[in-house]
Amino acid sequence: MSISVLSIPTVAAKLGRTAAAGSFLSLVSIFRGDITRLSVDAIVNAADNALLGGGGVDGAIHRAAGPRLLAECRTLNGCATGAAKITKGYDLPATYVIHTVGPVGEHPELLRSAYRSSLDVAKKNGVRTIAFPCISTGVFGYPAEAACRVVLGAVEEWLRENGGAIERVVFCMFNDQSERIYSEQLANF
Ligand code: AR6
């Protein structure tokens, strides 16, 4: 069963905060679970440079989207670290998959670039609702707390610079640690 992202409360609503319309906390949500279930315009994939599938969230997305996703990925000629490319979502509830490649290890500029490039590609394709996994924090080994700081800064800045382009950004958490880190850092935002 798929989940409509607009039914997931914003962080502002969750915290009982009155946040101005269009402010950062009124545009972002935290979702705990599997990103492949989200009915959103685009989910972001934490891929590698080949864009030919792999483990972690990449493997889950390819399994759920079906073999047509890999067939389209083969036409893309890979993706540089920090860049992003878009495909259809095929059997996923999401319309598109935006494939990005985060850094291996702690390289803040490349992580920032992966999020910004994904949002740029989203905007270009009319995506209004988007969900991100915690890019680079699994196999690629970026420390989760440091990554969260970079991500929130990058997304807040992008949304401020691109007012109204995106209606909702969902941060998808797959484990207790990420959920705690995002909840704490967003509450202090
Ligand atoms: N939904 C949401 N998040 C998930 C899911 C899921 N179904 N499965 C895992 N995560 P990783 P990376 C979380 O390793 O570090 C692949 O093999 C996971 O808990 O998937 O960017 C690629 O092909 C973690 O918080 O991505 C690349 O080679 C986060 O997703 C390499 O791994 C990212 O973990 C990319 O490594």
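Nothing here was measured: the structure is a model prediction, and the numbers come from that model. Whatever order the structure lists them in is the order used to number ligands and atoms, beginning at 1.
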Indicate yes or no: does an N/O atom of [X] lie under 3.5 Å from an N/O atom of ligand 1?
| X | result |
| --- | --- |
| Ser136 | yes |
| Phe174 | no |
| Ile135 | no |
| Ala47 | no |

Under 4.0 Å from a heavy atom of [X]: give me the atoms of ligand 1 that qualify, with their elements.
| X | result |
| --- | --- |
| Asp34 | 1 (N), 6 (C), 7 (N) |
| Gly55 | 16 (C), 17 (O) |
| Val57 | 1 (N), 2 (C), 3 (N), 4 (C), 5 (C), 6 (C), 8 (N), 9 (C), 10 (N), 20 (O), 30 (O) |
| Gly54 | 17 (O), 23 (O) |
| Thr137 | 15 (O), 24 (C), 25 (O), 29 (C) |
| Ile35 | 1 (N), 2 (C) |
| Ala60 | 7 (N) |
| Cys172 | 2 (C) |

For a quick test of reading the model, state the closest non-hydrogen atom pair linking [X] to [Y] and the distance between them.
| X | Y | result |
| --- | --- | --- |
| Gly82 | Ser113 | O-OG, 2.8 Å |
| Arg168 | Val5 | NH1-O, 3.6 Å |
| Leu52 | Arg74 | CD2-CG, 3.9 Å |
| Gly78 | Lys85 | O-NZ, 2.7 Å |
| Ala144 | Gln177 | CB-OE1, 3.8 Å |
| Ile166 | Leu27 | O-CD2, 4.0 Å |

Closest protein heavy atom to [atom], given as residue, atom name and distance to 0.1 Å:
| atom | answer |
| --- | --- |
| atom 28 (O) of ligand 1 | Asp48 CB, 3.4 Å |
| atom 31 (C) of ligand 1 | Phe140 CE1, 3.5 Å |
| atom 14 (O) of ligand 1 | Val139 N, 2.8 Å |
| atom 15 (O) of ligand 1 | Gly138 N, 2.8 Å |

Note, His99 side chain near Cys73 side chain (heavy atom, < 4.5 Å)
yes

Among Cys134, Pro133, Ala46, Gly56, closest by any non-hydrogen atom to atom 33 (C) of ligand 1
Cys134

Check each of Asp58, Val101, Asn175 against atom 22 (C) of ligand 1 and report the one with the nearest heavy atom.
Asp58

Contacts of Thr10 meeting side chain to side chain donor-acceptor pair (under 3.5 Å) (sequence neighbours excluded), chain-then-number -> none

Is it true that Gly102 lies under 4.0 Å from ligand 1, counting heavy atoms only?
no

Let me know which of Val150, Val155, Val151 forms a side chain to side chain contact (heavy atoms under 4.5 Å, CB included) with Arg112.
Val150

Taking Val40 as the fixed residue, which of Ile35, Thr129, Val127 is the one that meets the side chain to side chain contact (heavy atoms under 4.5 Å, CB included) rule?
Thr129

Which pairs would a plain distance check flag for residues 130-141, meaning a side-chain donor or acceptor within less than 3.5 Å of a matching protein atom at least two apart in sequence or in another chain?
from	atom 1	to	atom 2	distance (Å)
Ser136	OG	Pro103	O	2.8
Thr137	OG1	Cys134	O	2.7

Going by the side chain to side chain donor-acceptor pair (under 3.5 Å) test, name the single residue among Glu72, His62, Arg68 that passes it with Tyr90.
Glu72

